[in-house]
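Counting begins at 1 with the first residue of the sequence.
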Amino acid sequence: MRIRRIIEKLRYPGMFLKILVLFECILIIVVIVTSSFIIERFSDTVIEKEIMLGDAKLDRLADYCNDKYNRIYSLYNYIHSGPISEIAAKAVQNPEDGYEINNIEITGVFAKGVISADPDISDVIISSVNGIVYSFSGDGYIAVKPSFDFIHYPAITEFLNSEETICMIYDDPSSYTLKDREPVLSFVGKIFDSTIFPKRELVGLFIMNVPLQKIEKQDPSLNTSMDGELTLVSNRDQILYSTSHGNWGEKAVPKTWEDAGQYVKTKEVGTSGAKAVYTLSNQDLIKEIQQIKHQIYKVMAVAIIFTMTVCLFIYRIFNRQVQILIRSMRQLQTGDFSLYIPIKSKDEIGIISQAFNEMCKKLNDYISEVYAAEIQRKNAELNALQTQIDPHFLYNTLDSIRARALAEQDEKTGEMIVLLGKMFRWSSRTTDKFITLEDELEYIDTYLKLQKYRYEERLDVDIRVPDECLDDVIPKLILQPLVENVIKHALADKEDTGLIGIVAKEKDGKRLEITIFDNGKGIEEHTLQDMYEKLNQQIAQDEFKSIGLQNVQARLKLLFGDEYGLMIKSIVGVGTAVKVIIPILTKKDVQDGCINY
C-alpha cells in the first residue's frame, strides 16, 4: 500500500515535490559545471606531477643500479690487482693448490669484506675455469653448492663467449643453492691471470648477487598512486628487473616503448650498456584526475543527499498541512460538512484553511435548509412514479379474468383469482422500495401464470438467472412493467407461440445487467429511435405510449444517475430485447429506502 502511494505521488507530483526536483536538478547542474572547470583547470598540473614523480622513480632506480655497478667494477679492478686472480690462476695450474687453507681464508676475507661494505650483496662467488668454487653468502641467505659448475652454467656461458669483461644478468639462484632462493640481479665478471699481464688468459669468474627485493625497496611507487612501469634492461635486452614481476627475465621489446599513447623515458646505467626505462600510459597519466573526479562525485553525492534530506524534511512539514486540506476536502465530498481544520500559521496554507472552514460552515447551513426539503421532494416523486404502475396493471389483469370467465365457466377461474390476490398482497407492501431479484422474479412468475390462462399454449417462459444474482437488490417493480409491455405490444397480435425470456449477469463486479427478450414482431428502426429520444427526455405521460418503459427509465435515472437505465435492441420480425443496467447492491447498501453505496 505504501509503495502504491509513492508511485501515485511520482505519477502526479505535488507542488512541493516539483520544487524539490527542480532544486535538485539545479544543484546537480551547478556541481557538474564546477567539477568540469576544476578538472580542466588542474589536469595539466596533475599530468606534470605524475611525470615528475615517474622521473624521480627512474632516477632512483638508475642511480641505485649505477652505484652497484660502479662499486662492483671497482672490485673487479681490485680482483685483478690483488691475490684473488693469483689464487684462481694457481687453481687452474694445480687444482690441489685451490683447496689450500690459506687460499680459502683469503677468498673468505675478501667476500666477507664485500658483503660487509655493501649489505645489499647477498652472495660473493669465485669459480676457477676448472670448477674450484669459493663462495660466501650473507646472513639469512641459503649457501651456494660448493661443487656447482658455474663455468658451464647456461646463464653465464653466453657471457664467457663474449668480449665483455663484466655484465649484469637476471638469475634464479635456486639452481645452485642448497634451497630455493628469490631471484637476483647477478653482476658477473671475468678473472684473468694477472701474472702474465698484458696477456689476457681466463682463469675464472666472479658472481656478486643483489636480490631483486633490495631493488624493489628503492622503488618509491609504493608511496604514490601511479601505475607506471619501471624496467631495468641489460645490454642484451634481457629484463633484469621490472615492477611487473611477471616480466622478470623475459626478453624486452624496445620498439613497444615507442608506441603512441604512453610516456617513455630511459636512463643509462654507467658503462654497462644497461638502461633503466620508465613507461606510463596516457590512461595512467590521468589516473589522479580520475581520482579527483571520483572525489568530486562523492562530494556531489553527499551534497545532493544532504540537500534532499533537508528538502524532504521541509516538504514533510508543509505537505502534512496540505494533506490535511486534501483529506478534509475528500471528506467533504462524502457529505460531511461539519469539518474544521486547526489553523497553526498565517501563511498561504493558513489562509486556505480558514477559507475552507468558512465554506464548510456556510454549506452546512445551506444543506440544513435546502437539502432536506429537496430529498423529501424526490422521495415523493419516486413514490408517485412507483404507484403509477399498479392501477394500470390492475385493469389489465381484471380484463384477463373477465375474458376467461366469459369464455369458460370452470374452477380455473378461482385459481386465477387466488393468483390475483397473491399479487395484490405482494404489491401492497408499499414500504419496501427495494427487494431482492429473487422476490421480483417470484412476482413476475405469478403474473405470467395469470397471463398463461389468457394465452393458453401460445406463451412460453424462459427464466435463466444465476444463483449469485438472486440476492442482488433492485428497485421494486422494475422488471414487471417490462414483461407487461412484451405481452401488451410484442405478443398481442402474434398467432404462433410467443416467448418471454429473462437472463441476468454481473459484469466487472460493479454492474447488474438484466435482459427481458421476446420473439415478437419487433420495432421499426425509426420507431426505436423515437422511443430512445423520448426515454431520455422529461415528457408528460400522455405524450408517450409506453408508460412502463417511461416509468422504469425515470426511476432508474433518478436513483442511480445517467450512466444507468434501459437499453433497447430490436429486429423487425425477430424480436426485442430490453436490458436493465443498475449497480450491484446488497441489503446493506439500501437501508430505510435510501441508497448508501
Would you confirm whether [X], through its side chain, and [Y], through its main-chain N or O, come within 3.5 Å as a donor-acceptor pair?
X    : Y    : result
S242 : S244 : yes
D589 : T586 : yes
S174 : R181 : yes
S137 : Y141 : no
N70  : N66  : yes

Step through it carefully: locate the ring centre of Y241, locate the ring centre of Y170, and say whether they are under 6.0 Å apart. no
Do F187 and F206 have ring centroids that are under 6.0 Å from one another? no
Using distance alone, with no hydrogens and no angle criterion, decide if S128 and Y134 have a side-chain donor and acceptor under 3.5 Å apart. no
Between the side chains of S122 and N209, is a donor N or O closer than 3.5 angstrom to an acceptor N or O? no
Calculate, to the nearest 0.5 Å, the distance between atoms [atom1] and [atom2] belonging to [X] and [Y] respectively.
X    : Y    : atom1 : atom2 : result
D508 : I584 : CG    : CD1   : 9.0 Å
T195 : E201 : OG1   : CD    : 8.0 Å
C167 : R236 : SG    : CZ    : 5.0 Å

Passing option when I84 is tested against I126, L75, N103 for side chain to side chain contact (heavy atoms under 4.5 Å, CB included): I126
Look at [X] together with [Y] and state whether they make a salt bridge at an N to O cut-off of under 4.0 Å.
X    : Y    : result
K275 : E268 : no
D118 : K68  : yes
D193 : R200 : no
R511 : E513 : yes

Set of ring-ring contact (aromatic ring centres under 6.0 Å, His included) partners for Y99, sequence neighbours left out: none
Is the ring pair Y76/Y73 parallel, tilted or perpendicular, if the boundaries are 30 and 60 degrees? tilted
Do the rings of F110 and Y78 sit parallel, tilted or perpendicular, given the 30° and 60° boundaries? parallel
Does NZ or CZ of K190 fall inside the cone over F159's six-membered ring, less than 6.0 Å from its centre and within 45° of the axis? yes
Exercise: identify the closest heavy-atom pair between N130 and A91: ND2-O, 2.6 Å
Determine, stepwise, if the pair S194 / E86 fulfils side-chain hydrogen bond (donor to acceptor under 3.5 Å, both in side chains). CA-CA 7 Å; S194 60; E86 295 177 1; 4.6 Å; no
Would you sort out whether K90 and E100 count as a salt bridge (charged side-chain N to carboxylate O under 4.0 Å, His left out), showing the intermediate values? CA-CA 11 Å; K90 291 179 180 180; E100 290 181 0; over 6 Å; no
Flag the pair I239 / K251 as yes when at least one side-chain heavy-atom distance between them is below 4.5 Å, and no otherwise. no
